[in-house]
Amino acid sequence: MSTSPTPTASRDGIADGIRRPGLALAFLAIAQFMVFLDVSIVNVALPSIEHELRIPESALPYVITLYGAVLGGSLLLGSRLADSLGRRRMLRIGLALFGGASLAAGIAPDQTLLFAARAAQGLGAALIAPAALATLTTIFIGGRERAKALGLWGALTGIASVAGVTLGGVLSDGPGWRWIFFINVPVAVAAVLLAPRVLPETSGLRRRFDLAGAVLLTGGLLSLLFGLGETIDGGWSSPVVIVLLAAATVLLGLFVLVEARTRVPLVPLDVFRGRLLRFANIATLFLLGTVVTVFFFASLLLQQVLGYSPLQTGLSYVPLAVFVAVGAGLASGLVAKHPGKVILVIGLGMLTTAVVLLSVIGQDAGYVAVVLPVFALAGLGMGLSFVPLQIAAQARVPEERAGLAAGLINTSQEVGGALGVAVSATWAFRRVDELTAAAHGDAALMAAARVAVFHDGFVAASVFASVALLISLTLLPAIPRHSGPVSV
């Protein structure tokens, strides 16, 4: 078994042999940015994609959920593969897969190729993200330099979110929605070619990894998502729905059995004995289910009800992102002086209130008077919630399991977002045919029907937010006070 040499600091907390750490950090930052950009960039383009590819509204959530489910279900496997086979190698493989899948999504003539490409993008992203983060931590090994690098890394998540919805609007209104995928291709090609010149390689530990567990987890999540999606058109008694949900139950059950018995599990089940980590991940699951559902239905509401263009929709999200950053900044300072659980509960309370207000927005709602204040409240609540949950998910975890804890919280975020959209869309779109038939082609009634559907989606999101709030109030232990930078 070969192992990577332990890095030593040559200067200023930089690993020995790294000649251009700033260039390496920029490279890794761009790779990370691509991964998170594609979580949000498709939201504003959804109506354009729906129209051109004639995707049924009931199937539209798959554009979001397939990426998130495969990414979330494969993140821990990607981390193990990077450690076993070499981080730079896996990063290049992930970038090549991500770029090829982006090209396929951009030229997709129908929903089948688009959905397959989005799943492949998710797998590529699952290889990129952990390899990039692990490489960063081997380059920046001094406390101060690593803190700076991780601070930039964490900030990219919020920046990518606003850049995604804004850029999605610009591209959809300009060269067209296909360019939200094409834009990844030259970046991925350049990154694959430049990686050997910029990044060091690890020799790999050549240790076993739990491929069976990864396949079962991802397969179970995809079966669950498709099963929920099929209920919209076929109902809960549909044979297809029954088979898919049964398959999901079996696959996820087998995943638990495999993890309990394998020598090198993907997810050691005993890690969940810690109440703080366990309930922080569950609360995060529901929080991200809320956030991604809000983005999904708000993008449709703004364009299909309030009449915004894709560009206007993208720009309308900018204040929300600003308030997320403000909330996260406030929380990062407050958690060092005040109980993190109190900050979390306040943030979740604000977010729950904002989502309830979204569920009653009317067809004539003005942006400045109605939408902007609700977006501001939602953004502030998100920012205040993200930071304490990140701290809770990694506090009181032994050093040797810090990587596992980070992987689990990222998995909870991605899986929560995918499942949130799947469940909320299943609920919201159940009445589409009924309401459309009742409208008899009348434009006003059709608009009212669409508002009712989107309101149901926000109601589902408010339930997710309420569950996260209830868990945080009653089950989550006290969150330790924290000083230093927090990645969100």
Side-chain angles (χ1 to χ4, degrees), residues 35 38-39 62 64-87 89-98 100-101 104 112-113 115-131 134 204-230 240-272 281 285 403-404 406-419 422:
V35 169
D38 268 66
V39 175
Y62 291 138
I64 304 288
T65 59
L66 282 169
Y67 181 84
V70 176
L71 171 55
S74 306
L75 267 173
L76 292 172
L77 175 64
S79 178
R80 300 296 192 272
L81 288 173
D83 288 341
S84 300
L85 305 178
R87 291 163 183 168
R89 180 180 294 113
M90 292 314 303
L91 183 61
R92 296 181 77 195
I93 292 172
L95 285 164
L97 177 58
F98 189 87
T112 302
L113 181 56
F115 291 167
R118 284 293 282 169
Q121 274 190 310
L123 181 57
L127 300 179
I128 294 169
L205 300 177
R206 301 294 178 186
R207 63 187 180 190
R208 294 176 58 190
F209 48 86
D210 184 15
L211 181 61
V215 171
L216 290 169
L217 176 60
T218 305
L221 289 173
L222 291 176
S223 297
L224 179 59
L225 291 176
F226 279 112
L228 291 170
E230 288 299 315
V240 174
V241 171
I242 293 172
V243 168
L244 286 170
L245 295 182
T249 302
V250 171
L251 290 171
L252 293 175
L254 287 173
F255 168 73
V256 174
L257 289 177
V258 167
E259 298 310 285
R261 297 185 178 186
T262 188
R263 291 177 58 189
V264 189
L266 191 68
V267 183
L269 298 181
D270 63 345
V271 74
F272 295 110
N281 275 273
L285 195 81
L404 173 62
L408 285 173
I409 194 67
N410 287 330
T411 299
S412 296
Q413 290 172 349
E414 299 299 337
V415 172
L419 288 177

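Here the closest heavy-atom approach between residue Val70 and residue Thr218 is recorded as CA-CG2, 4.3 Å. Considering all non-hydrogen atoms of both residues, Leu225 and Ala69 come closest at CD1-CB, 3.1 Å.
At distances below 3.5 Å, at least one donor-acceptor pair connects side-chain atoms of Glu259 with backbone N or O atoms of Val267. Formation of a donor-acceptor pair under 3.5 Å by the Ser79 side chain with backbone atoms of Pro130 is not found in this model.
Thr262 OG1 to Leu257 CG: the interatomic distance, rounded to the nearest 0.5 Å, is 12.0 Å. The CG atom of Leu211 sits 9.5 Å away from the CG atom of Leu266 when rounded to the nearest 0.5 Å. Taking CG of Leu224 as the start and OG1 of Thr249 as the end, the distance is 8.0 Å to the nearest 0.5 Å. With rounding to the nearest 0.5 Å, the separation of CG in Leu75 from CD1 in Ile409 is 12.0 Å. With values rounded to the nearest 0.5 angstrom, Tyr62 atom OH is found 12.0 Å from Thr112 atom OG1. Rounded to the nearest 0.5 Å, atoms CG (Leu408) and CG (Leu76) are 5.5 Å apart.
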Using residues 115-126 as the side-chain source, report each donor-acceptor pair under 3.5 Å to any protein atom, sequence neighbours left out, with the distance given to one decimal.
{"unit_1": "Arg118", "atom_1": "NE", "unit_2": "Val63", "atom_2": "O", "d": "2.8"}
{"unit_1": "Arg118", "atom_1": "NH1", "unit_2": "Asp38", "atom_2": "O", "d": "3.4"}
{"unit_1": "Arg118", "atom_1": "NH1", "unit_2": "Gln121", "atom_2": "OE1", "d": "2.9"}
{"unit_1": "Arg118", "atom_1": "NH2", "unit_2": "Asp38", "atom_2": "O", "d": "3.2"}
{"unit_1": "Arg118", "atom_1": "NH2", "unit_2": "Val63", "atom_2": "O", "d": "3.2"}
{"unit_1": "Gln121", "atom_1": "NE2", "unit_2": "Asp38", "atom_2": "OD2", "d": "3.0"}
{"unit_1": "Gln121", "atom_1": "NE2", "unit_2": "Ser102", "atom_2": "OG", "d": "2.9"}

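The shortest distance between side-chain heavy atoms of Phe226 and Leu66 falls below 4.5 Å. Residues Val39 and Glu414 form a side-chain contact, since some pair of their non-hydrogen atoms from C-beta on lies under 4.5 Å apart.
Residues satisfying the side-chain hydrogen bond (donor to acceptor under 3.5 Å, both in side chains) test with Arg92, not counting sequence neighbours, are none. In this view, Leu252 and Leu217 satisfy the side-chain contact (heavy atoms from CB on, under 4.5 Å) rule, not counting sequence neighbours. Scored by the side-chain contact (heavy atoms from CB on, under 4.5 Å) test, Val240 finds Glu230, Ser238, Leu244 as partners (sequence neighbours excluded). Listed by chain and number, the residues in a side-chain contact (heavy atoms from CB on, under 4.5 Å) with Leu81 are Leu77, Leu85, Met90, Leu127, Phe209 (sequence neighbours excluded). The side-chain hydrogen bond (donor to acceptor under 3.5 Å, both in side chains) search around Ser412 returns Asn281, not counting sequence neighbours.
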